[in-house]
Amino acid sequence: MAVNDSIAKPEIVAPCDEEEPPTGVVTPVNDCQTNFAATYPQGTPERDFLNHHPEMEVALDGMLFRATDCEEATEFANNIIKSSLETGLYINAEISAKSPMNVDLSNISLDTLEGARFVCIYNKLLESPAFKNLFVNTFGSFQNRRNAVFKVEDNLFGNGQCKLGNGPLINNEQTFINEIKISKSFLGENITSNINVTKTILHECIHAFLNSKKINCGNGATIENLNNKTLEELITLFYSDFNCHITVNGTEQSQHAFMFDYLILTFSSILSEISSSVLSQSDELLLLNETYFDLETNTIKLFVWNDIFKYASMPGLTQTDTFQFNIVGNPIEYNKYTFYSSRALMCSKTCN
């Protein structure tokens, strides 16, 4: 297989809490590294690829050096090389290692405020065990991981989009690649809060997950909060394989209905787990002093942390029938939604 020389060579971006991988010439120092290096002798397509992309080899070698489970780390490294060769994508090894999918960030520039903010917040999202478990528990091992390309773009309709496109044919089987776009203006300085950007990225990642399920809804097991039904049962019985006739601005609402009906608790858990990373101390002090008038008891109620994560998860799902019935059609709930979703927008707009 010929090496794809057109693959860009972006800077490898490591999560903030990750030890930097070794730099310079790769010299195996443990059995895990040595065995991996021996897997791809000179003259193989994989070795040619690594020779053309030494920064990829350095990143993978650093992960093998730090690995506590050599077999798992080697499986992951092999998958990164295989996916890069097969798809022509530039899989970011360091980011993908903490992600629920193979991630291509080569279209995002860290030299821009918007690109740097996206990568910073995405890395915060990766700190959530619930985020990775949501996908890993369903997709299974590394060999079943999906590929996703992230882009930050101008003139995007809405804050984010996720589209499933055709990848190359591999062994006469069609492959697919999710393209996730986040609006450049949405990520701009002092535009919207970190918690809202985090929710939007999570929202689009779940679209990518559901797109894969749309192709093969039997792929994977059940996940949390689905009333003990498998995804295959839910998708097939209740959402007609997501081939829904209801669209809002060209977006199929059946995926949004699925998110609202079954994944709000998961959204909330993820936002709660990383709240200390995306909220500042001043945010916490400000929010704790907030109150609202509760229509159910006709009393002033204090701010509740769990509620802000719950209601901050809902924007983007407001056109679904269940949101309209359960939230808009219920004055008590709609009052809470208005209060908490607006307070989420007041929070920090810079990511450190």
Side-chain angles (χ1 to χ4, degrees), residues 98-101 118 121-139 148 158-162 178 180 182 186 192-213 222-227 229 231 234-235 239 242 251-279 283 287 303-328 333-334 336-348:
K98 285 199 166 187
S99 296
M101 49 198 162
F118 169 86
I121 290 180
Y122 186 71
N123 275 325
K124 305 295 186 188
L125 190 54
L126 298 183
E127 296 172 6
S128 164
F131 174 67
K132 191 169 184 178
N133 289 341
L134 170 66
F135 300 87
V136 173
N137 287 349
T138 304
F139 282 152
N159 299 328
Q161 293 179 0
C162 177
N178 281 287
I180 297 175
I182 304 297
F186 180 65
T192 193
S193 65
N194 290 338
I195 196 168
N196 196 29
V197 174
T198 305
K199 182 273 302 179
T200 299
I201 295 173
L202 172 59
H203 178 113
E204 300 307 329
C205 287
I206 290 179
H207 272 306
F209 163 76
L210 295 177
N211 284 342
S212 296
K213 285 294 175 184
T222 189
I223 56 177
E224 279 187 286
N225 312 321
L226 297 186
N227 300 336
K229 289 184 173 64
L231 286 176
L234 287 168
I235 292 171
Y239 294 98
F242 296 135
T251 301
E252 293 182 356
Q253 287 303 294
S254 54
Q255 289 199 9
H256 286 165
F258 185 86
M259 291 186 205
F260 185 86
D261 292 351
Y262 292 99
L263 294 179
I264 288 296
L265 182 57
T266 300
F267 269 87
S268 303
S269 297
I270 292 170
L271 293 178
S272 176
E273 286 178 348
I274 63 171
S275 60
S276 61
S277 296
V278 296
L279 297 175
D283 289 335
L287 292 173
F303 175 89
V304 177
W305 278 113
N306 286 342
D307 284 346
I308 194 171
F309 303 131
K310 172 185 174 181
Y311 293 105
S313 302
M314 295 181 184
L317 308 177
T318 58
Q319 299 298 323
T320 63
D321 289 343
T322 43
F323 178 90
Q324 292 294 317
F325 180 80
N326 294 321
I327 306 298
V328 177
E333 279 296 301
Y334 190 66
K336 290 182 180 180
Y337 168 77
T338 302
F339 170 74
Y340 281 106
S341 61
S342 65
R343 294 313 182 272
L345 295 176
M346 294 167 48
C347 298
S348 297

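These numbers come from the heavy atoms of this one structure, side chains and all, not from hydrogens, waters or symmetry mates. The first residue of the sequence shown is numbered 1, and numbering continues consecutively from there.
- Rounding to the nearest 0.5 Å places CG of N123 at 8.0 Å from NZ of K98.
- With sequence neighbours excluded, the residues satisfying side chain to side chain contact (heavy atoms under 4.5 Å, CB included) with N196 are F186, T192, S193, K199, T200, L345.
- Contact between S275 and S272 at its shortest, heavy atoms only, is OG-O, 3.0 Å.
- Between the side chains of H256 and Q319, no donor-acceptor pair of N or O atoms lies under 3.5 Å.
- For residues 336-345, the pairs satisfying salt bridge (Lys or Arg N to Asp or Glu O under 4.0 Å) are E290-R343, with sequence neighbours left out.
- The structure places CD1 of I201 at 8.5 Å from OH of Y122, a figure rounded to the nearest 0.5 Å.
- Between I327 and F260, the closest side-chain pair of non-hydrogen atoms falls below 4.5 Å.
- Note that the CD1 atom of I121 and the CG atom of L202 stand 12.5 Å from one another [nearest 0.5 Å].
- No donor-acceptor pair under 3.5 Å is formed between the side chain of E127 and the backbone N or O of S277.
- Side-chain contact of N194 with S348: a donor-acceptor pair under 3.5 Å is absent, judged by distance alone.
- The two residues A148 and M101 have their closest heavy-atom pair at CB-SD, 3.7 Å.
- Summarising the geometry of L126 relative to S99, their closest heavy-atom pair is CD2-OG, 3.5 Å, with the distance given to 0.1 Å.
- Distance check: S128 OG to I274 CD1 gives 6.5 Å after rounding to the nearest 0.5 Å.
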Please tabulate, for side-chain N and O atoms in residues 304-315, each donor-acceptor pair with protein atoms closer than 3.5 Å (sequence neighbours left out).
| unit_1 | atom_1 | unit_2 | atom_2 | d |
| --- | --- | --- | --- | --- |
| Y311 | OH | E333 | OE1 | 2.7 |
| Y311 | OH | E333 | OE2 | 3.2 |
| S313 | OG | F309 | O | 2.6 |

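- Crowding of Y334 atom OH: a count of heavy atoms from other residues, nucleotides or ligands under 6.0 Å not exceeding 12.
- Using a 4.5 Å heavy-atom cutoff, the side chains of H203 and L317 are in contact.
- Listed here is the closest heavy atom pair of L287 and C347: CD1-SG, 3.8 Å.
- Distance CD1/I264 to OG/S268: 6.0 Å, rounded to 0.5 Å.
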In sequence, state the C-alpha distance, the side-chain angles, and the governing distance for F267 and I206, and then conclude on side-chain contact (heavy atoms from CB on, under 4.5 Å).
CA-CA 10 Å; F267 269 87; I206 290 179; 3.5 Å; yes
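- The closest side-chain heavy-atom distance from I195 to D283 is not below 4.5 Å.
- The closest donor-acceptor contact from the side chain of Q161 to the backbone of I180 lies at 3.5 Å or more, if one exists at all.
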